[in-house]
Number of protein chains: 2
Amino acid sequence: MTEIQLDTEKRILLAAKNVFVRKGFDGARMQEIADEAGINKALLHYYFRSKDKLFEAIFIEAFSGFIPKIAGLAIAETTFFEKVELIVHSYIDMLVANPHLPLFVLHEIQRNPENLVKMMSSMGVNPVLLGQIMSGISKDDSIRTIDFKHLLANILGMCIFPFIARPILQSLLFNQNKEEYDKYLIERKKIITEFVYNSLKL
Amino acid sequence: MTEIQLDTEKRILLAAKNVFVRKGFDGARMQEIADEAGINKALLHYYFRSKDKLFEAIFIEAFSGFIPKIAGLAIAETTFFEKVELIVHSYIDMLVANPHLPLFVLHEIQRNPENLVKMMSSMGVNPVLLGQIMSGISKDDSIRTIDFKHLLANILGMCIFPFIARPILQSLLFNQNKEEYDKYLIERKKIITEFVYNSLKL
DNA sequence: GTCTATATCGGGATAGAC
DNA sequence: GTCTATCCCGATATAGAC
């Protein structure tokens, strides 16, 4: 992290992100955030008026990182399978760097579903945009026909699942060997790309 | 539910399951469980000594339903692809009936990872058993070679993801249309089966 | 801006009557 | 077994000195 001394607000946001992501909203304690930021509770309320407000600030940032950056890819001058490879690789790299992000986002999204739609549209993600990408794919006649909605869920599911289910899978498949599991996660970049390729090529 | 009047303990367990699954351990309130069971808080502590104990009882049941029943399939006298189809269909049917189960289990598994291994082995799920299934698959030379660990994550990921990410995807892909999303979930039984088939057949 | 001290409240747990 | 009343701690939030 190389924190040569960030200003207080930054330190709070960093600490809050760590604690909220690890514990969820209900499990997180203002005291723990204060400790991790090297300050006291009162100062948290000085910068952010309430726990809710602080959480909101964290969540927006986390959520935007979690939504796949597929918009840009829609226009890119590459083949369909190169796009898939790019999505899978960059997404898994992001997850390796932020392994607790998915479960955090998914859990808190259900706690407060109303805010979701607002955040989505404020981020420029909407069904219309996705419809355009959709039609772009079905035009490619070198691949098998597949509904974009299903393809998206397939790819994201295969990428995300091993991260959110890590405690189960690491025990079930690797006898709790952490290093082996990290290797497994990296392997999946190639595996998933090939899996999609084999399934859709004609 | 047709509850013509279950005995108190059953009513508590049912109410607790609903509340815990909806809110998670930290978010759940003993008061809310009591209300939903039609009793008061004190009686909860009479039947189950603490919130932790009550949760434990719920979680074991929920967790065992969540672990795929793949053990029996290992011996079944069917082709590989028929096994895949059977797993996908029965698993998605289970998820349709219990849509909140996955996120609940996944979240609480991280809250208390130590208990996990015990529960796994007490349920007879272990790497050795999975190793046997693994070798059973690689023997089948009518399919492309794939590491069972990756295939398992692929299938489970594709099945589970649309359920845990429902609030995002329903907004992103279906403009919040609930009925359309339910249809989409059912469609996935066929889609996933075919996706795996196309990817692995030779 | 940052601290200590304190108000306030919610929620898990218990006592004890019926 | 089931209830009401209460204890008690922990956690958010605020007051106010420096």
Side-chain angles (χ1 to χ4, degrees), chain A residues 1 3-62 100 104 107-108 110-112 114-115, chain B residues 1 3-62 100 104 107-108 110-112 114-115:
Chain A
M1 289 291 175
E3 33 192 324
I4 310 155
Q5 216 48 341
L6 299 160
D7 66 67
T8 305
E9 186 169 345
K10 296 272 172 54
R11 291 218 316 282
I12 292 176
L13 284 168
L14 188 59
K17 181 187 169 184
N18 289 336
V19 175
F20 276 130
V21 166
R22 280 201 309 267
K23 304 289 181 71
F25 179 83
D26 296 311
R29 296 287 161 251
M30 295 295 268
Q31 184 62 59
E32 189 176 350
I33 296 173
D35 291 345
E36 194 150 326
I39 54 165
N40 58 54
K41 284 186 292 177
L43 211 52
L44 289 181
H45 288 88
Y46 174 78
Y47 278 90
F48 303 85
R49 280 195 23 217
S50 68
K51 184 181 180 180
D52 283 274
K53 290 271 198 298
L54 178 54
F55 180 80
E56 189 85 352
I58 300 299
F59 185 70
I60 289 171
E61 191 199 346
H100 294 293
F104 167 71
H107 181 75
E108 300 299 337
Q110 312 223 338
R111 226 180 52 92
N112 198 358
E114 306 84 42
N115 275 353
Chain B
M1 288 289 177
E3 33 191 324
I4 309 156
Q5 215 48 339
L6 299 160
D7 67 67
T8 305
E9 184 169 346
K10 295 271 171 55
R11 290 220 316 282
I12 291 175
L13 285 169
L14 187 60
K17 182 187 168 186
N18 289 336
V19 176
F20 276 131
V21 165
R22 281 202 308 265
K23 303 288 181 70
F25 179 82
D26 295 312
R29 295 286 162 254
M30 294 296 267
Q31 184 62 60
E32 190 176 350
I33 296 173
D35 291 346
E36 193 151 326
I39 54 165
N40 57 55
K41 279 191 294 177
L43 211 51
L44 290 181
H45 288 87
Y46 174 79
Y47 279 90
F48 303 85
R49 281 194 25 215
S50 68
K51 185 181 182 182
D52 283 275
K53 290 270 199 296
L54 178 54
F55 181 79
E56 189 85 351
I58 301 298
F59 185 69
I60 288 171
E61 191 200 345
H100 295 293
F104 168 69
H107 182 75
E108 300 299 337
Q110 313 223 337
R111 226 180 53 92
N112 197 359
E114 307 83 43
N115 275 354

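Quick note on labels: first sequence line is chain A, next is B, and so on, each numbered from 1. Keep in mind that this is a model prediction, so the values were computed, not measured.
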A.B. asks: Tell me the interatomic distance from A/K41, atom NZ, to D/dT14, atom C1', rounded to whole angstroms.
C.D. replies: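 Distance, rounded to whole Å: 11 Å.
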
A.B. asks: Out of B/K51, B/R22, B/K41, which one pairs with B/E32 under the salt bridge (charged side-chain N to carboxylate O under 4.0 Å, His left out) rule?
C.D. replies: B/R22

A.B. asks: Distance check needed: C/dT14 C1' versus B/L44 CG, whole Å only.
C.D. replies: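 Computing the B/L44:CG to C/dT14:C1' distance gives 14 Å.
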
A.B. asks: Once you apply a heavy-atom cut-off of 4.0 Å, does B/Y47 come out as touching a base, just sugar-phosphate, or nothing?
C.D. replies: sugar-phosphate

A.B. asks: Using atom CG of A/D26 as one end and atom P of C/dG10 as the other, report the distance to the nearest whole Å.
C.D. replies: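 Value for this atom pair: 15 Å.
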
A.B. asks: Does C/dG12 have its OP1 or OP2 closer than 4.0 Å to a side-chain nitrogen or oxygen of B/R29?
C.D. replies: yes

A.B. asks: Nearest-Å distance, CE (B/M30) to C1' (C/dG10)?
C.D. replies: 14 Å

A.B. asks: Report yes if at least one side-chain N or O of A/T8 is closer than 4.0 Å to OP1 or OP2 of C/dT2; otherwise report no.
C.D. replies: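 True: A/T8 side-chain N/O within range (under 4.0 Å) of C/dT2 OP1/OP2.
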
A.B. asks: Could you check whether any side-chain N or O of B/E9 sits under 3.5 Å from a backbone N or O of B/Y47, counting only pairs where one atom can act as donor and the other as acceptor?
C.D. replies: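 Absent.
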
A.B. asks: If you measure from CZ on A/F55 to CG on A/N112, what distance do you get to the nearest 0.5 Å?
C.D. replies: 8.5 Å

A.B. asks: Kindly say whether B/L43 contributes a backbone atom to a donor-acceptor pair with the side chain of B/N40 at under 3.5 angstrom?
C.D. replies: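 Answer holds: yes.
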
A.B. asks: What is the separation between atom OH on A/Y46 and atom P on C/dA5, rounded to the nearest whole Å?
C.D. replies: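 So the two atoms are 21 Å apart, to the nearest Å.
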
A.B. asks: A/K23 has an atom NZ; how far is it from atom C1' of D/dA11, in whole Å?
C.D. replies: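 Taking NZ of A/K23 and C1' of D/dA11, I get 14 Å after rounding.
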
A.B. asks: Can you tell me which nucleotide in C/dT2, C/dA13, D/dA13 comes closest to the side chain of A/L43?
C.D. replies: C/dT2

A.B. asks: Report which part of the nucleic acid A/A34 touches: base, sugar-phosphate, or nothing (heavy-atom distance under 4.0 Å, all strands).
C.D. replies: nothing

A.B. asks: Give the rounded distance in Å between these two atoms: NZ of B/K51 and P of C/dA13.
C.D. replies: 8 Å

A.B. asks: If you define the side chain from C-beta out and look only at heavy atoms, does anything of B/F20 sit under 4.5 Å from B/L54?
C.D. replies: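 B/F20 vs B/L54: side chains touch.
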
A.B. asks: Quickly work out the A/D35 CG to D/dA11 P distance and round it to whole Å.
C.D. replies: 11 Å

A.B. asks: Could you check which of D/dA13, C/dC3, D/dT4 has an atom nearest any side-chain atom of A/H45?
C.D. replies: D/dA13

A.B. asks: Is the distance from OP1 or OP2 of D/dC3 to the nearest side-chain N or O of B/N40 less than 4.0 Å?
C.D. replies: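 True: B/N40 side-chain N/O within range (under 4.0 Å) of D/dC3 OP1/OP2.
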
